[in-house]
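Quick notes on the structure that follows.
Within every chain, numbering begins at 1; the chains are lettered A, B, ... in the order of the sequence lines, protein sequences first and strands thereafter.
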Protein chains: 4
Amino acid sequence: MPSPDPGRRNERSRRAILAAALELLGETTYAELTVEAIAARAGVGKQTIYRWWRGKGAVILDALSETAATDVALPDTGDLRADLRAVIRATVAEFADPRLSATTRALTIETLSDDALAEQVRDRLLRPQLDAVKARLRAAPEVRPGVDIDQAVELLFGPIYHRWMLRTGPLTESYADGLVELALAALR
Amino acid sequence: MPSPDPGRRNERSRRAILAAALELLGETTYAELTVEAIAARAGVGKQTIYRWWRGKGAVILDALSETAATDVALPDTGDLRADLRAVIRATVAEFADPRLSATTRALTIETLSDDALAEQVRDRLLRPQLDAVKARLRAAPEVRPGVDIDQAVELLFGPIYHRWMLRTGPLTESYADGLVELALAALR
Amino acid sequence: MPSPDPGRRNERSRRAILAAALELLGETTYAELTVEAIAARAGVGKQTIYRWWRGKGAVILDALSETAATDVALPDTGDLRADLRAVIRATVAEFADPRLSATTRALTIETLSDDALAEQVRDRLLRPQLDAVKARLRAAPEVRPGVDIDQAVELLFGPIYHRWMLRTGPLTESYADGLVELALAALR
Amino acid sequence: MPSPDPGRRNERSRRAILAAALELLGETTYAELTVEAIAARAGVGKQTIYRWWRGKGAVILDALSETAATDVALPDTGDLRADLRAVIRATVAEFADPRLSATTRALTIETLSDDALAEQVRDRLLRPQLDAVKARLRAAPEVRPGVDIDQAVELLFGPIYHRWMLRTGPLTESYADGLVELALAALR
DNA sequence: TGGTAACCGAGACGGTACGTCGGGTCTTGGA
DNA sequence: TCCAAGACCCGACGTACCGTCTCGGTTACCA
């Protein structure tokens with residue numbers, strides 16, 4: 001495989017590219033984001049982007065992987081309702097925030113367009129959080145035995161995606177709480 | 001605004017365009033689909049497309065509106081579990097079918113990219129089905145009073161979207177049935 | 001042959017491109033001349049250049065064909081020496097003028113790089129002048145019968161090219177006159 | 001100017017570069033010849049080329065200087081016609097040979113593009129041969145006194161360049177002989 | 001029933017970005 | 001210190017589509 005030697009890679013350029021990508025994503029639509037603009041903003045040749053990434057999708061995936069990857073912690077206060085409320089409220093807030101949801105939008109589009117990237121998005125960005133919630137659910141005595149934990153976690157996050165994408169309702173704290181109640185009812 | 005006179009519209013061209021759009025969508029990605037290709041395939045000038053639609057998104061939305069718009073019926077056998085299973089199984093099957101899910105993918109991308117189209121997608125394509133399910137739920141004595149019907153319906157469809165987009169698990173009949181069980185448990 | 005329909009061609013653009021090409025050729029080297037710059041200067045899309053020409057070489061060939069193509073007249077005063085002096089002095093002056101020789105340089109380079117263009121350069125730009133001189137020589141009683149007219153004309157122009165390319169001496173009027181004397185001596 | 005110390009120069013690399021340049025010149029056009037390709041073919045870093053030469057023009061100039069530089073001898077049999085025929089026939093043959101004329105083409109292009117290189121090409125490659133012919137002419141009693149020897153030599157070589165560049169006729173032995181006759185007529 | 005105004009197919013146009021190529025410079029590791 | 005290797009910034013390449021704009025030709029309404 002004649003891919004470039006990562007040892008020779010210029011760290012300064014790498015950082016500049018990821019930073020530029022995130023900046024531009026905040027200023028325009030994902031569809032309007034261009035590799036050319038990223039290169040220009042980063043003060044970098046286009047080739048340097050294409051040398052290390054397959055396209056803009058891969059760049060922003062990397063950019064976001066870098067910023068995330070730390071907030072996987074999920075509290076276990078012993079009170080499942082409280083813990084779930086915390087995480088679901090946070091998630092709902094993130095989707096409600098136009099700034100943050102721009103990146104989610106970008107990733108979702110890329111997820112739908114490129115199978116290879118979809119895998120990476122799933123594994124590197126989403127999985128950690130989902131796994132944390134799964135672990136919490138598994139440890140909870142309130143959860144009825146026999147419940148499929150994968151489905152349980154989708155019961156919590158799926159509706160948020162749905163409402164966010166289709167804009168069928170507000171993404172508020174009370175919505176989050178209501179969602180938790182429904183889920184708890186399903187799982188107990 | 002002197003928008004074109006629909007009376008003069010060439011029905012043959014309209015059909016050819018919608019058909020070509022669907023054909024091409026089956027052959028390539030939505031991202032690779034171009035207005036130029038649609039026009040060529042339909043044997044039509046590009047202007048004829050731009051005269052009647054805002055872009056490729058609007059075209060495929062119309063194309064899909066035409067094919068759908070009929071299967072909104074939802075049976076009311078008196079058995080809520082059976083009725084939900086029917087509709088959820090059908091939905092899951094649609095998402096599992098690569099052919100059909102290509103169009104869903106296209107619509108979802110457009111939904112995420114263009115607010116104006118998102119509204120239309122929601123209202124013309126999704127709402128009818130969601131409304132039918134809502135009506136069924138509202139009429140069901142099994143559903144605990146006080147449950148937010150909007151949330152209830154999202155509890156059914158949200159997880160499917162989630163699993164489909166993130167490819168976190170299989171989209172099978174037994175998955176559909178399990179989902180119905182969880183939802184019923186939440187709503188009763 | 002799926003080449004574009006010349007009937008649809010935009011005359012304004014065509015002119016702007018040729019003019020821009022000549023302008024730029026006066027400002028920089030032929031090697032530094034780019035299609036992109038021509039397009040920009042002409043206020044034209046690059047595609048419009050590539051639609052009608054094979055590259056920058058073809059463009060400047062066209063540009064020069066347009067400006068030339070008229071000065072083919074050669075006087076016949078009855079005095080061969082005088083007539084040849086006139087034409088050779090003019091040619092030498094053209095090669096001596098840095099402005100004019102820039103275009104000759106460009107054409108010569110292209111001639112050496114691209115066989116197809118070379119033919120056109122020869123036939124459309126050079127041949128008319130050479131033919132005029134040939135006709136004059138053929139009509140001259142001073143010229144010894146049996147002289148190959150093609151070689152005769154090369155005897156006049158070849159040395160000019162040689163001196164110009166290799167910069168082995170000045171390109172002055174007296175040089176021109178000396179050359180005519182030598183040629184006359186050879187032909188009589 | 002701290003130009004590199006030639007003492008440290010790697011002779012093996014130097015040779016490999018010049019050889020590669022000549023090889024590639026035989027395989028493609030001069031315009032398509034790239035420094036990158038030379039470096040790759042020679043198994044050498046690009047920097048090693050740029051350290052010692054100004055660009056591809058300088059490299060091939062050096063390559064050709066090496067191969068030439070020896071055939072400057074011009075016979076003096078006492079028979080001017082015979083001697084000129086020998087040298088002009090050889091020159092015409094060289095221009096007629098596609099293999100050899102490729103290098104001439106390259107040099108001519110570079111001569112037209114780069115003044116500094118033009119000087120070197122003239123002095124190191126062409127001058128020796130021209131000087132040899134000039135010496136022969138100067139020594140010839142057949143040549144009419146007062147003839148400008150510089151012009152005389154151009155009268156011999158100029159037409160060949162002209163015919164070769166413009167492809168206006170065949171480059172054969174009989175053409176060479178005819179040219180010699182014309183020149184002799186001019187000089188006597 | 002002939003005029004005229006809109007539609008239509010075709011496709012050229014000014015643009016923007018694509019992904020690639022090569023130029024010439026700079027950096028790294030090994031000899 | 002030089003070398004091979006090759007990453008880097010840069011700029012141009014030639015292509016693909018965008019959405020707009022003619023261009024004739026054909027409908028289909030209206031006088």
Side-chain angles (χ1 to χ4, degrees), chain A residues 2 4-10 12-14 16 32-40 42-52 54-56, chain B residues 2 4-10 12-14 16 32-40 42-52 54-56, chain C residues 2 4-10 12-14 16 32-40 42-52 54-56, chain D residues 4-10 12-14 16 32-40 42-56:
Chain A
D5 171 6
R8 295 212 173 281
R9 186 164 189 178
N10 184 333
R12 170 197 295 289
S13 296
R14 198 187 124 268
E32 288 165 347
L33 181 65
T34 65
V35 171
E36 213 142 55
I38 296 173
V44 140
K46 275 200 288 179
Q47 195 63 49
T48 301
I49 295 184
Y50 285 111
R51 196 181 347 260
W52 303 107
R54 291 207 309 101
K56 69 174 177 176
Chain B
D5 171 4
R8 293 196 173 277
R9 184 164 189 180
N10 184 333
R12 170 198 293 291
S13 296
R14 197 186 124 268
E32 287 166 348
L33 181 65
T34 66
V35 172
E36 214 141 55
I38 297 173
V44 140
K46 278 201 289 177
Q47 191 62 287
T48 303
I49 294 184
Y50 284 110
R51 190 171 4 249
W52 303 106
R54 290 207 308 103
K56 70 173 176 175
Chain C
D5 171 6
R8 294 210 173 282
R9 186 163 187 179
N10 185 333
R12 169 197 295 291
S13 297
R14 198 187 122 268
E32 287 166 348
L33 181 65
T34 65
V35 172
E36 212 142 54
I38 296 173
V44 141
K46 275 200 288 178
Q47 195 62 46
T48 300
I49 295 185
Y50 284 111
R51 187 166 13 245
W52 303 108
R54 291 206 309 101
K56 68 174 178 177
Chain D
D5 172 4
R8 296 203 169 271
R9 186 164 188 180
N10 184 334
R12 169 198 293 291
S13 295
R14 197 185 125 270
E32 287 165 348
L33 181 65
T34 66
V35 171
E36 212 142 57
I38 296 173
V44 140
K46 278 202 287 178
Q47 191 62 286
T48 302
I49 295 185
Y50 283 109
R51 198 180 345 260
W52 303 106
W53 292 276
R54 289 208 309 103
K56 69 173 176 176

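The distance between atom CZ of R12(C) and atom P of dC13(E), rounded to the nearest whole Å, is 13 Å. Whole-Å rounding puts the R51(C) CZ to dA12(E) C1' distance at 5 Å. Here the C1' atom of nucleotide dC13(F) and the CD1 atom of I49(C) are 13 Å apart, to the nearest Å. Atom P of nucleotide dC8(F) and atom CG of D5(A) are separated by 10 Å, given to the nearest angstrom. Put simply, CZ on R14(D) is 14 Å from P on dA4(F), counting in whole angstrom units. Atom P of nucleotide dA4(F) and atom CD1 of I38(D) are separated by 14 Å, given to the nearest angstrom.
In terms of heavy atoms, L33(D) sits closest to K56(D) at O-NZ, 3.2 Å. A39(A) approaches G45(A) most closely through the heavy-atom pair CB-C, 4.2 Å. Of all the heavy atoms in I49(D) and V44(D), the pair that sits closest is CG1-CG1, 4.2 Å. Closest non-hydrogen pair, R12(B) versus N10(B), comes out as N-OD1, 2.9 Å.
Not one side-chain nitrogen or oxygen of R9(C) sits closer than 4.0 Å to the OP1 or OP2 atom of dA12(E). Contact between the side-chain N/O atoms of S13(D) and the OP1/OP2 oxygens of dC2(F) is not found at any separation under 4.0 Å. OP1 or OP2 of dC9(F) has at least one side-chain nitrogen or oxygen of T48(A) nearer than 4.0 Å.
Residues V35(B) and Y50(B) meet the side-chain proximity criterion, which asks for heavy atoms closer than 4.5 Å.
The side-chain tip of R9(C) points at the ring of W52(C) from less than 6.0 angstrom away and within 45° of straight on.
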Review point. How does protein contact run along nucleotides 15-22 of chain F, one letter per nucleotide 5' to 3', with B for base contact, S for sugar-phosphate only, - for none, heavy atoms under 4.0 Å?
Key: BBBBBBB-

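With sequence neighbours left out, E36(D) forms a salt bridge (charged side-chain N to carboxylate O under 4.0 Å, His left out) with K46(D).
Using a 4.0 Å heavy-atom distance criterion, G7(C) is classed as making no nucleic acid contact. At the heavy-atom level, W52(A) lies under 4.0 Å from the strands shown only through sugar-phosphate atoms.
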